[in-house]
There are 2 protein chains.
Amino acid sequence: MMDNEIFRALADPTRRAIFEKLAAGRMNASALREGMEISQPAMSQHLSVLRTAGLVKEERQGRFMNYEVDPEGLALIAEWLAKYRAYWPQRIEALKVLLKDMDQ
Amino acid sequence: MMDNEIFRALADPTRRAIFEKLAAGRMNASALREGMEISQPAMSQHLSVLRTAGLVKEERQGRFMNYEVDPEGLALIAEWLAKYRAYWPQRIEALKVLLKDMDQ
DNA sequence: GAATCGCATAAGTCTGTGCTTATGTGTTAT
DNA sequence: ATAACACATAAGCACAGACTTATGCGATTC
């Protein structure tokens, strides 16, 4: 059950911020730190958690380590969410947005 | 920002189990405890967290407290997920399932 | 109205987790 | 080779959070 690691990873606001920043594009750990007031070890540890959860994947490039969003993790959340489809009221705007954004 | 409470609430496996059980239908706190090896105060505290996160809503009925899934919280997760639509590869089966289930 | 029931809250304990400083490992530059 | 760089890992600390036992509070039952 990967649910646990996924939701645990996203439970931390700093990690969500890192993930959001990564969503803007592939980036190395140092670039991620810019404007984030976070120590280098802390960043490394957060990235490790995100990686274990399947939310992020890494690729070595020289002495840099490039990180990017891993769709795998997002898919797990979508699967989890789909289990509760019965509870989606038609009028919730967010659903329409989600559908419009995804279906194209 | 409600993201924090949502993901924090779902980070605990016991709370996810409670939520999943509630998805089967409206239930009071005692009924939820059945077959779950969890103390009464622990259940009450978990439900409080889920409620604050917007994942569950309650309604008093005599001396019972009925709980049910609150779509509000699910909508917040869907909104969060929609922000990363750019990372959905077409072939992910989960996405298709989600779309099929929702769009009908 | 007293006892019981369903649940919430209080207070304390123990574990997990996010941080720190220090150090290690591999890569590039000089 | 040596220094500098990008990042990972180790160890320790402080706080958050999930549990416990005890008690409180409304509502029902007898």
Side-chain angles (χ1 to χ4, degrees), chain A residues 1-22 24-70 73, chain B residues 1-22 24-70 73:
Chain A
M1 208 59 52
M2 299 265 114
D3 283 359
N4 206 2
E5 285 172 349
I6 290 267
F7 287 119
R8 247 189 29 72
L10 292 173
D12 183 68
T14 303
R15 272 193 298 264
R16 283 201 309 281
I18 293 171
F19 183 80
E20 190 156 0
K21 207 166 179 182
L22 267 183
R26 190 190 192 69
M27 215 178 301
N28 63 50
S30 295
L32 274 171
R33 283 186 62 205
E34 283 170 20
M36 274 207 72
E37 256 180 67
I38 185 175
S39 74
Q40 178 269 315
M43 175 59 80
S44 185
Q45 286 159 18
H46 280 309
L47 286 169
S48 173
V49 171
L50 288 170
R51 189 184 177 285
T52 303
L55 285 162
V56 147
K57 47 186 178 180
E58 61 189 22
E59 189 192 352
R60 174 144 223 128
Q61 190 165 0
R63 61 181 160 180
F64 296 85
M65 200 63 119
N66 279 327
Y67 287 89
E68 64 181 326
V69 168
D70 187 350
Chain B
M1 208 58 54
M2 300 263 111
D3 283 359
N4 205 4
E5 284 172 350
I6 289 268
F7 287 120
R8 245 190 30 72
L10 292 173
D12 183 69
T14 303
R15 273 195 296 267
R16 284 200 309 281
I18 293 171
F19 183 82
E20 191 156 359
K21 207 166 179 182
L22 267 184
R26 190 189 191 71
M27 217 177 300
N28 63 50
S30 295
L32 274 171
R33 284 186 59 206
E34 283 171 21
M36 274 206 73
E37 255 179 68
I38 184 176
S39 73
Q40 179 269 315
M43 174 60 79
S44 184
Q45 288 159 17
H46 280 309
L47 286 169
S48 173
V49 172
L50 288 170
R51 189 183 176 286
T52 303
L55 284 162
V56 147
K57 48 186 177 179
E58 60 189 23
E59 190 192 353
R60 175 143 222 129
Q61 191 165 0
R63 61 181 160 182
F64 296 85
M65 199 65 118
N66 279 328
Y67 287 90
E68 64 181 326
V69 168
D70 186 351

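Below, chains carry the letters A, B, ... as their sequence lines are ordered, and counting in each starts from 1. Values below: all heavy atoms of this structure, side chains included; hydrogens, waters and symmetry mates excluded.
- Across the protein-nucleic acid pair, B:E58 atom CD and C:dA8 atom P stand 6 Å apart, rounded to whole Å.
- Per the geometry, CG belonging to A:L10 stands 14 Å off P belonging to C:dT17, to the nearest Å.
- Contact record, A:L55 with A:F19: O-CE1, 3.2 Å, taken as the closest heavy-atom pair.
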Check your understanding: Between A:S44 and A:Q40, is a side chain to side chain contact (heavy atoms under 4.5 Å, CB included) present by the stated rule, with each step listed?
Key -> CA-CA 6 Å; A:S44 185; A:Q40 178 269 315; 4.1 Å; yes
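- The phosphate of D:dA6 (OP1 or OP2) has no side-chain N or O of A:S30 nearer than 4.0 angstrom.
- Rounded to a whole Å, the CE atom of B:M43 is 16 Å from the C1' atom of D:dT20.
- Dashed line: the shortest gap from a side-chain N or O of B:N28 to OP1 or OP2 of C:dC7 is under 4.0 Å.
- The base of D:dT20 is paired with the side chain of B:Q45 by a donor and an acceptor separated by under 3.5 Å.
- Taking side-chain N and O atoms only, A:S44 has no distance below 4.0 Å to OP1 or OP2 of D:dC7.
- A:F64 places its CZ atom 7 Å from the C1' atom of D:dA6, with the value rounded to the nearest Å.
- Comparing C:dA22, C:dG18, D:dC19 by their nearest atom to the side chain of A:P41 picks out C:dA22.
- Per the geometry, CD1 belonging to B:I38 stands 8 Å off P belonging to D:dT20, to the nearest Å.
- Between B:M36 and B:A17, the shortest heavy-atom distance links the atoms CE-CB, 4.0 Å.
- Here D:dC30 presents its C1' atom at 11 Å from CZ of B:R63, a figure rounded to the nearest Å.
- Partner A:H46 forms a side chain to side chain contact (heavy atoms under 4.5 Å, CB included) with one of A:V56, A:L32, A:T14 and no other, that one being A:T14.
- Note on B:R15: only backbone sugar-phosphate atoms sit closer than 4.0 angstrom, heavy atoms only; bases stay farther off.
- The residue among A:A11 and B:A42 whose nearest nucleotide of DNA chain C lies closer to the 5′ end is B:A42.
- In the displayed structure, A:R33 atom CZ is contacted under 6.0 Å by more than 12 heavy atoms of other residues, nucleotides or ligands.
- For the OP1/OP2 pair of D:dG26 and a distance below 4.0 Å, the side-chain nitrogens and oxygens of B:R60 include no atom meeting the criterion.
- Taking only distance into account, the side chain of A:Q40 never meets the base of C:dT21 through a donor-acceptor pair shorter than 3.5 Å.
- Between B:H46 atom NE2 and C:dC7 atom P the separation is 16 Å, expressed in whole Å.
- At C:dA8, one or more side-chain N or O atoms of B:Y67 fall inside 4.0 Å of OP1 or OP2 (strictly under the cut-off).
- If you take CD of A:E5 and C1' of C:dG16, they are 15 Å apart, rounded to a whole angstrom.
- Residue contacts for B:T14: at a heavy-atom cut-off of 4.0 Å it reaches the sugar-phosphate backbone alone, with no base atom in range.
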